[in-house]
Structures are given as C-alpha cells and as structure tokens.
Amino acid sequence: MARSNKPMVWSLFAAGGTVAAFVMPVLMLLTIMAGYGQLTDSLGYEGMKSFASGWMGKLFLLVVIVTCLWHAAHRARTALHGLGLRADKAVAVIGYGIASLGSLLAVFYLLRI
Amino acid sequence: METIKTDVAIIGAGGAGLRAAIAVAESAPDLKVALISKVYPMRSHTVAAEGGAAGVIKQGDSLEDHFNDTVAGGDWLCDQDAVDLFIRQAPVELTQLEHWGCPWSREKNGHVAVRPFGGMKNERTWFAADKSGFHILHTLFQTSLKYPSIERYDEFYCTDLIVADGVCQGVSAIEMRTGLMQLFQARSVIIAAGGAGWMFPFTTNGAIKTADGMAMAYRAGVPLKDMEFVQYHPTGLPGTGILLTEGCRGEGGILVNKDGYRYLQDYDLGPPDPWPRNKAMELGPRDRLSQAFWHEQKKGRTVGSRWGDVVYLDMRHLGEKKINEKLPLVRDLAASYVGADPVHELVPVRPVVHYMMGGIHTNIDAATPMPGLYAAGECACVSINGANRLGSNSLTELLVFGKRAGEHAVEHARSAAQPSESEIRQKGEEARKRVTDLFLREDGGENITTIRKEMNETMESGAGIYRAEDSMRETCDKVLELRERFSRVHLEDKSNVFNTNMLYTMEVGSMLEAAHAVAFSAINRKESRGSHQRLDYTARDDGSFLKHSLAYYQGEVEPRMDYLDVVITRSQPGQRVYGGSAK
Amino acid sequence: MTQRTVELSILRYRPEEDDKPWFQTYQVPCDEDWVVLDAINYVKDHLDGSLSYRWSCHMAVCGSCSMMINGDPALSCKTFIRDLPEGPVRIEPLANFPIERDLVVVMDDFMEKLQRVKPYLIRSTEKPLEEGQHLQSPAELKKFKQYTLCINCACCYSACPQYALIPEFIGPAALTLAHRYNQDSRDQGRDEREDVVASNEGIWDCSFAGACSDVCPKHVDPASAVQQMKIASTVDWFMRRLGLGGGKS
Amino acid sequence: MSRKPYVREISHTTWYLARRRDLLHMAQEVTSLFIGIYTIMLLWGVKALSEGPGAYQVFLDALGSPLVIAFNWITFVIMLYHSISWFSVTPKAMPVQIGEEFLPGGIIAAGHYIAWVVVSAVIYYLAGGFNG
C-alpha cells in the first residue's frame with residue numbers, strides 16, 4: 001500500500017480547525033457588530049485599512065483565511081461523503097480548487113492594501 | 001470430507017497452543033502448522049489469568065527455592081525431574097515473552113517487577129498489572145502472526161484424534177461456519193485444548209473449558225493422569241465465580257470472616273502479621289485456603305449473602321493508587337459484578353473451581369504414550385503441579401511445555417513413517433459418523449441443559465473441596481447414569497451453520513467422560529493429599545499413594561485405574577509447613 | 001433476590017431457512033444482578049436451543065460476546081439489565097459485519113486487518129535471550145500501556161461511521177494496535193508499519209468521529225491513537241519532502 | 001455450502017439520523033461549510049478593503065442586511081460549537097506525559113478553553129469592543 005499524500009491537506013485542515021476554534025467566534029461577533037453599524041472606528045474603512053496595512057495585520061488575515069479555507073474544503077469533503085455524495089474526486093478537486101484560488105486571492109488583495 | 005494435509009496439527013490456540021506453534025515455526029520453518037481452535041485465539045481462556053507467571057529473576061531468590069516451593073506445594077506428587085526442568089526454563093521463557101513485547105510491569109530502574117504469590121517463598125511472579133494472562137495471550141497471538149508457516153483454523157471444533165497403526169496421524173474437526181467435517185492429516189498432533197472447569201457449577205473458567213482435548217485423548221486410549229486433583233481458588237466472586245487474583249493477597253489484601261477476624265491463623269497459617277509474609281496467612285497455598293473456608297462455613301463463621309456463604313477480602317488499606325496501578329481489573333470486576341469497590345469496601349469472596357491439576361498423561365517432553373501425540377497446558381499433566389498447583393506456575397508451564405511440545409512434535413514429524421492415508425480416511429469416516437449419528441438421533445426425551453446441570457451438581461457434591469466415600473460413590477453412579485442418558489439426547493437444532501446446539505452437546509459429552517475420570521480417580525485415592533481431601537481418609541498415605549493415578553477409557557463403563565510411581569530426585573516427601581514456621 | 005421479567009427482542013437469522021433477519025421475542029425472568037448475557041443464556045438453556053451467539057469468559061476480557069444492545073455495540077457480559085431502560089431489550093449482531101447466523105458475525109475482515117498492521121515487536125537486530133530483558137522504565141511502559149488493553153471485541157468497528165461507509169478502512173482496533181507497538185520503547189518497526197498505517201485506507205480514512213472511543217468497553221481510546229498517528233505521519237511526510245528522512249529508523 | 005452471510009445495508013444519505021452520537025458528529029462535519037462561507041465573506045471584505053472606501057462601504061452595507069445578520073448569528077452559534085468540540089478532543093491528539101503520568105485530558109482541554117477566552121478578549125479589545 002502506498003503512503004498517502006493527505007498529510008499535505010490534513011495539516012492545513014488541522015491548523016485551520018485550531019485557528020477557527022480560537023478566533024472565529026470573536027471575529028463573527030465583530031462582524032455582526034459591524035453589521036449593526038457599531039465599532040465604526042476600528043471596523044470602518046480607516047480602522048481596517050490601518051490594521052491591514054501593517055505586516056501583523058496582513059499576516060493575521062492571511063493565516064485565518066488560508067487555513068480556514070483549507071479546513072473547510074477538507075472537512076466538507078468528508079462531510080459530503082458522509083451525506084451520501086460519492087463523487088469524492090470531484091468534491092476534492094472543486095473544494096481544494098476553491099481553497100487554492102481563495103488563498104491566492106487573499107495574498108493578492110492583501111498585498112494591494 | 002476434505003483432507004487438509006499439514007505437518008503439525010495443534011488443537012487449541014490458547015497460551016500453550018500458540019507457544020507450541022511458534023516453537024514449530026521457529027525451529028522448523030519448512031514445516032506446516034495447522035493451528036486449530038474452536039474459538040479465535042484471543043478468546044482462549046489464558047486471557048482470563050490475572051496474577052502472573054513464576055520464574056526466578058530476582059536477587060536473593062534461587063531456582064532451588066522455586067523447586068522446593070513447587071514440590072511441597074504439590075504435596076510431593078510432582079515429578080521432580082519435570083519440576084527441575086520447569087524452574088530452569090521458566091526465566092528463559094518469561095524473558096522470551098519480554099522480547100516479544102509483553103508489557104510486564106516494571107520497577108523504577110526498568111527491570112521487570114515481581115510480586116509475592118501464595119506458597120512461594122520469595123517474590124518471583126512476573127506480572128502485567130492484573131491482566132497477565134491477557135497480555136501473555138495477546139503477545140503470543142500477535143507474535144504468531146509473523147510466521148507464514150502457521151495456518152490458523154479459527155472456529156473449528158475438533159472431535160476425534162485420528163489414530164492409524166497406533167500412531168496419532170491427525171484430527172477430525174467441524175468447521176463451525178459451514179458445519180462441514182474436515183480431516184486434518186498430520187505427522188504430529190499437539191493437544192493444547194485447556195481445562196475442564198465447566199463440569200462444575202461454580203468456576204472461574206470460561207464457558208469454552210469443556211474438557212474437549214482431555215476427552216479426545218482419553219477416548220483414543222491415552223490415560224488421564226491425577227484427575228482427582230481439582231483446584232479451588234479461594235477468592236472468586238460469589239454469583240458469577242469471576243476470579244479475583246491471588247495478586248490481591250500478594251499485594252497485601254487480607255481475608256476476614258463475619259467477625260472481621262483473620263481466620264487463616266486458626267489453620268496453621270499464622271501468625272497474622274500486619275504485613276504480607278510469604279508462605280503465611282493469605283499467602284498460603286490455594287488448597288489450604290479453600291479448605292479453611294470450608295471449615296469456617298461449618299463453624300458458622302462465614303457471612304450469609306444473597307449469593308450464599310462468603311468471607312471478605314479486605315484491600316482497603318492498600319489505597320486507591322496502588323489498587324489502580326496493580327489491580328485495576330480486580331477493582332473493575334468487584335465494583336461491577338458485586339457492587340463492592342475494593343478501595344472503600346470489603347469484597348465478598350468464596351472458593352471456586354479454578355484449575356485441573358490432572359490431565360492427559362505426558363512425560364517431560366510433553367509426549368503422551370501414543371506416538372505422534374503431544375499435550376501441553378492445562379489439558380496435560382506432566383506433572384509439575386502434583387496434588388496442588390501453586391498460583392502463577394501455570395502460565396509459565398504453558399510456555400515451557402508448550403514450547404517443548406512444539407519442538408518434540410517437530411522431531412517426530414521429521415522421523416514419522418509415511419502416513420497410512422487409507423486408514424486415516426477410514427478413521428475420519430468413523431469420526432464423521434459419530435457426529436452424523438448425533439444429528440440423526442430421534443428425540444429420546446433427554447435434554448442437554450438438564451444433563452449438564454445434573455453433572456454440575458453431582459460434581460460439586462462428590463468432588464468438591466472435601467470428599468467422602470458415600471458422596472463420591474453417588475457421583476460415580478450419577479455420572480454413569482448421565483452418560484447413558486446422554487446417548488439419548490437429540491439435537492434441537494439440526495442446521496449446519498454455526499450450530500451451537502450441536503457444539504454444546506458435544507462439549508457436554510466430553511465433560512461427562514472427563515468427569516467420570518475425575519470421580520473414579522477420586523474414589524480410588526484413599527488418602528488426603530493437596531486438593532484431594534477426604535473426610536474418611538484424612539491423612540496422606542505415601543506408602544500406598546505416592547503415585548500418579550492413571551484412568552483408562554473403557555467405553556460406557558467406569559474407567560480402569562492404574563498407578564505410576566512419582567519421580568523423586570532430591571526432595572523426599574515431608575510435611576508441608578506454612579505460616580510462621582515455614583522456611 | 002428480586003426478579004423481573006424482561007422482554008428480549010433478538011435478531012434471528014438462520015441462513016438455511018431465512019432470506020433476511022427478523023426479530024424474535026422472548027420473556028426472560030431476570031435476577032437483579034444479571035447481565036444481558038445471562039438473559040441470553042437463559043433463552044438458550046430454557047426457551048430456544050437453536051439461538052447462536054459467541055461467549056466465553058463472562059468477565060469482559062475474552063471479547064467474544066460483543067453485540068448491539070439497544071442499538072449500541074457493547075459486551076453483553078458487562079451490560080447489566082438493571083442499567084437498561086424499562087421495556088424490551090433489543091439485541092442484534094454487531095453492526096457493520098455480515099451476519100453469519102443469529103448473533104454471530106463474520107470476523108474475517110477484522111482478523112485480516114489486525115494482521116496487516118504487523119502487530120508484533122520488530123527490531124533491526126534481535127537481542128539474544130542470554131543477554132536478558134530489555135530495560136523499560138515505568139514511564140516508557142505507561143506511554144503505550146493503554147493501547148495494549150484492546151480485547152479485540154470489535155465494538156469500535158461497529159460504532160465507526162467511516163468503517164460503515166468505507167469497508168476498506170483498516171479501522172480503529174488494528175490501527176491502535178499498530179500505535180501500541182510504535183509507542184513501545186523496545187520496538188523499531190514503525191517505518192515498516194507506516195506503509196499500511198499511513199495509506200489512504202489507514203489513518204487517513206478516519207474522520208475522528210470518536211465513536212470508537214465512546215463505545216470501547218476497555219477505555220482504550222482508539223481515536224486518540226489514530227489522531228496521534230496522523231500527527232506523526234504528517235511530520236514524517238514533511239520531513240521526507242525536506243529530505244530529512246521520516247520516522248524513526 | 002450452506003453459508004449465506006447476510007449484509008445489512010445502511011443508507012448512505014441518512015445513516016447519521018439513527019444515533020445521537022452520529023448526528024453530533026455530522027453536525028461537527030457540517031460546521032465546515034459555515035466556516036467556509038464565512039471565510040469567503042472575510043475574503044470579500046479584504047477585497048473590498050483593497051479596492052477603497054466605496055467598495056468597503058458596499059461590503060459593510062451588505063453585512064447590515066437582515067439576511068446576512070441572521071446568517072451570521074446562526075454561524076456564530078455554530079462556531080461556538082466548533083470551538084467547544086474541537087478543544088474537547090485536543091487532549092486525544094496531543095497527550096502530555098510528565099514523568100510517568102499523563103496530564104489528565106480535562107486539564108489540557110481546560111488550558112485550551114482559557115487560552116481561547118484570552119485570545120478572544122484580546123482581539124475584542126484591540127477592535128475597540130471594550131471602549132463603548
């Protein structure tokens with residue numbers, strides 16, 4: 001039997017799961033508050049721009065977006081299998097494709113800020 | 001009928017069978033091994049052994065001490081040449097298991113730890129917490145998976161040895177999943193099929209220990225030796241008979257009666273030191289402890305419980321940490337099955353049938369008198385256990401003599417004459433007929449459960465801890481009657497696939513045959529020795545009975561008895577001394 | 001001793017007569033300290049000799065009497081009637097295995113998978129017996145001890161959703177056994193086992209549902225073993241690609 | 001041959017409905033879809049940020065739509081479930097042995113929960129959440 005190459009995606013999945021567990025609830029909360037028009041200083045354009053202009057901010061956003069995308073793509077693959085979707089190859093290609101594209105776009109946009 | 005040709009057929013895949021199989025595979029990789037068992041190997045009853053395996057390893061201990069403990073423990077009925085070999089090989093075999101990965105408990109310095117055990121002068125019982133048998137069995141099973149020459153036949157029930165030209169040349173077996181009879185043609189056969197505790201109503205043994213191997217050899221003309229010696233373990237849980245290891249007492253647990261009194265001091269086992277003293281009190285041998293319970297019961301000093309009379313095993317002073325580390329299974333078992341957590345409560349216990357000292361007659365090479373047939377483990381009687389086995393000698397025994405059986409089976413397989421194939425087939429047909437007849441039998445008004453229960457009752461009343469002529473006579477007659485009634489049992493279920501009605505029926509047949517040997521050997525031994533205690537002959541009689549009993553199968557009638565001298569090399573029969581005056 | 005009558009609803013399947021399994025009910029007078037196995041034995045002895053099932057030790061160590069009790073895999077010798085809710089007790093053969101007959105399932109796949117992970121001590125050079133024991137500290141022993149406690153009852157395979165969906169999955173018990181040897185200070189065979197363990201059908205088919213650990217009657221925690229192997233194998237994978245080897249020699 | 005082993009088929013689409021344990025597991029798996037959708041939302045925000053104040057305002061306005069707010073509240077609850085279930089099994093993946101004994105799993109999990117609260121509070125603080 002051949003050794004699997006799943007460690008590549010699994011490591012991103014595991015990292016993303018951990019990142020999501022630590023920061024997603026609070027990010028969600030902030031997003032909701034932004035939706036209600038609160039915290040305009042920090043979550044408004046200027047605030048976010050200054051946050052995302054710094055390397056720390058860029059890195060934070062990049063790590064969250066990239067790992068969580070891969071986490072979602074990998075776990076959705078088993079979830080969809082569990083829900084009865086048997087086209088595992090297609091699911092993998094689409095899911096990992098979206099994650100790859102999203103990761104590249106994240107780099108692209110962040111560098112433009 | 002399909003014929004499966006192999007070099008060495010092994011009946012039973014517990015500790016002894018697996019050890020034998022590995023011995024064959026290692027010493028003769030070119031020989032094929034058929035490892036045949038009525039259960040998957042890890043279900044074998046070796047799995048339930050708890051306390052440990054004896055082998056001299058510690059500074060200050062000596063082979064001579066192990067020899068003397070074993071011989072005196074067996075009330076001088078052990079063959080001393082066999083004991084000598086056994087105690088020398090013991091540490092080697094236990095180390096071998098260590099090399100195969102057995103998770104023995106360890107000292108801080110990384111050395112294998114040993115614990116005290118009943119009747120042993122020094123600490124020499126290797127243990128893996130209180131799951132020693134479990135770990136030994138799984139280590140052997142997993143190790144056996146390495147060897148391509150070992151072919152397993154799981155869930156095949158062996159029915160008869162195939163004897164041609166006076167030589168054992170195979171065995172017939174029913175494949176449980178198909179119901180098909182298969183014929184194993186082999187150059188050597190090893191029986192390692194375990195004990196027979198299920199002939200008694202109250203036993204630590206698993207339901208698979210039904211004397212199959214003993215009965216098979218017995219029917220084929222091989223004598224059963226010293227069958228009257230049945231070991232009661234002093235500490236079984238009432239109700240279920242689940243074993244609580246002697247390790248409980250090795251670690252410092254004490255036995256008290258209904259007054260909280262350490263009653264063993266009244267039976268020459270004192271003084272009741274507050275600490276465990278080897279060979280004294282709770283660390284006396286099993287026969288003496290079980291007999292003490294019997295006397296306490298007669299004196300009305302046991303405790304009445306909903307499961308009958310019990311005494312208490314008190315481990316509370318050991319503390320939670322030690323109990324969790326050394327006796328986790330015991331804690332779980334006691335809490336689950338009798339609702340008593342040993343950390344905080346007294347645990348009710350009583351003696352329970354545990355082990356057959358007797359079995360298929362073999363010599364020091366694990367060879368039976370029949371060429372080509374070997375036996376090892378509880379089904380065999382070498383004998384190193386004599387009239388009373390010391391706790392933790394049996395796990396070592398199945399390693400030492402399992403290996404020996406394997407090696408000598410190889411020797412025989414290499415030198416055996418060409419198999420007599422036509423005669424083998426004919427014998428196979430006879431074996432098949434015995435089973436087919438069972439299927440064809442009309443309803444004779446007998447029920448297998450009733451017969452089993454009546455056998456259980458009569459074995460307890462006539463072959464229990466204390467025995468007397470009258471009750472033994474009744475038991476002999478009863479077993480004879482049951483054997484006759486057994487021939488009228490019919491199968492409720494006549495299907496082929498996994499027919500356990502057929503299996504249980506055949507097992508009861510085996511047990512009845514072996515039970516007959518037990519009862520008849522017992523009534524003929526007119527003395528008290530080790531586990532065989534008679535109310536009418538209370539003393540040991542070396543003049544007449546320093547001998548092994550040999551029971552020979554005679555068909556539907558009582559067995560023929562013969563006797564064989566015990567091999568004495570350097571320890572003349574003396575007094576068994578335990579307690580404070582023990583050396 | 002108080003008794004209560006319990007209705008057992010047992011899944012029967014007799015391959016020579018039945019096309020598919022069906023439930024048969026039995027009324028069993030149970031003592032208060034009975035386990036489910038005692039009740040089934042009562043059926044076998046007194047009500048229906050044709051019922052087939054496996055059992056032996058009656059002390060939760062031989063691993064043969066596992067079955068589905070009210071929908072969950074469990075040892076019938078360790079499941080007390082008094083702990084079950086009132087009403088009929090539903091008893092079925094272990095899920096995810098083919099039924100041979102009644103409560104007896106076909107174990108071939110399980111047995112083959114156990115063997116496949118090379119569950120024995122592997123050393124580059126054997127230590128001669130004359131040189132005595134390997135030293136192993138209590139801490140080194142404790143590192144893998146928990147994973148030695150598996151009794152091969154296969155309850156974990158019955159509970160595992162991945163094994164149910166992907167029959168090729170090597171499964172919890174076998175992988176745990178591999179981990180048991182990998183973690184043993186005396187063993188040097190991890191790399192050899194990785195070929196099986198780190199394949200797609202090995203640890204990577206595990207979705208960490210954790211059901212194996214929930215139902216394990218001996219608290220072996222197979223889920224933890226598999227998770228730890230995933231981490232170790234991932235480290236291996238990256239080390240390999242960085243040209244730093246992978247795993248212990 | 002009278003053998004005829006019977007294979008019980010299971011539904012590939014509804015198997016997890018039979019048992020609470022399996023249902024909870026499937027719920028964990030499905031959190032990934034919400035994490036994915038939210039991450040894409042986050043990515044959109046970054047894109048908007050990179051395109052200037054106008055684009056970012058469109059993003060903020062979208063966040064304020066009742067539908068998005070409702071979805072976000074649901075996602076928030078699901079995220080909490082993800083965090084709790086993720087941390088509760090962390091000890092299985094990373095047991096810590098100190099000397100002979102293993103650190104009890106509860107302590108490892110508790111450590112993660114505490115770290116989670118601290119991280120969340122710090123982020124909330126940095127975002128000015130405690131100023132109002």
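To find a chain, count down the sequence lines: A is the first, B the second, and so on, and within it residues start at 1. Everything numeric in this text was worked out from a predicted model, so none of it was measured.
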- Whatever's closer than 4.5 Å to a heavy atom in chain C on Ile57(B) counts as side chain

- Whatever's closer than 4.5 Å to a heavy atom in chain C on Leu329(B) counts as side chain

- Item | Interchain contact, Thr240(B) with chain C, by part (heavy-atom threshold 4.5 Å) | side chain

- Selection from Gln115(C), Glu100(C), His134(C), Arg123(C) maximising heavy-atom pairs under 4.5 Å formed with chain B: His134(C)

- Item | Contact class of Lys494(B) relative to chain C, heavy atoms under 4.5 angstrom | neither

- Pick from Ala60(C), Ser137(C), Gly132(C), Cys57(C): which one has the most heavy-atom pairs with chain B under 4.5 Å? Gly132(C)

- Sort Phe134(B) into side chain, backbone, both or neither according to what part of it lies under 4.5 angstrom from a heavy atom of chain C. side chain

- Task: Please state whether the side chain, the backbone, both or neither of Glu492(B) comes within less than 4.5 Å of a heavy atom of chain C.
- Result: side chain

- Item | Contact class of Glu107(B) relative to chain C, heavy atoms under 4.5 angstrom | backbone

- Honestly, the part of Thr449(B) sitting under 4.5 Å from a heavy atom of chain C is side chain

- Note on the structure: If one checks every heavy atom of Cys65(C) against chain B at 4.5 Å, the contacting part turns out to be neither

- Query: So, for Phe80(C) and Tyr337(B), is the gap between ring centers shorter than 6.0 Å?
  - Reply: yes

- Ignoring hydrogens and angles, state whether a donor on the side chain of Asp184(C) or Gln136(C) is under 3.5 Å from an acceptor on the partner side chain. yes

- Query: Of the backbone (N, CA, C, O) and the side chain (C-beta and beyond), which part of Asn496(B) lies under 4.5 Å from a heavy atom of chain C, both, or neither?
  - Reply: both

- Message: Please tell me whether Glu26(B) and Tyr147(B) have a donor and an acceptor in their side chains that are separated by less than 3.5 angstrom.
- Response: yes

- Message: Looking only at side-chain N and O atoms, does Ser495(B) offer a donor or acceptor that is under 3.5 Å from a partner on Arg101(C)?
- Response: yes

- Task: Return yes if a side-chain donor-acceptor contact under 3.5 Å exists between Ser213(C) and Asp221(C), otherwise no.
- Result: yes

- Item | Leading residue by heavy atom contact count with chain B [cutoff under 4.5 Å; candidates Val106(C), Asp102(C), Leu141(C)] | Leu141(C)

- Message: Tell me whether Arg12(C) is salt-bridged to Asp18(C), with the criterion being a basic N under 4.0 Å from an acidic carboxylate O.
- Response: no

- Query: Between the side chains of Tyr120(C) and Ser144(B), does any donor sit under 3.5 Å from an acceptor?
  - Reply: no

- chain B contact via Leu129(C) - which portion, at a heavy-atom distance below 4.5 Å: both

- For residues Asn41(C) and Tyr53(C), is any side-chain donor paired with an opposing acceptor at under 3.5 Å? yes

- If you round to the nearest 0.5 Å, how far is CG of Leu243(B) from CD of Glu50(B)? 4.0 Å

- Item | Check: Thr203(B)/Lys209(B) side-chain N/O donor and acceptor closer than 3.5 Å | no

- Task: In sequence, state the C-alpha distance, the side-chain angles, and the governing distance for Glu507(B) and Arg452(B), and then conclude on salt bridge (Lys or Arg N to Asp or Glu O under 4.0 Å).
- Result: CA-CA 10 Å; Glu507(B) 288 175 342; Arg452(B) 190 186 79 223; over 6 Å; no

- Does any heavy atom of chain C fall under 4.5 Å from the side chain of Leu333(B), the backbone, both, or neither of them? side chain

- Item | Contact origin within Trp198(B) toward chain C - heavy atom pairs under 4.5 Å | side chain

- Query: Which region of Lys131(B), side chain (C-beta onward) or backbone (N, CA, C, O), has a non-hydrogen atom less than 4.5 Å from a non-hydrogen atom of chain C, or is it both or neither?
  - Reply: side chain

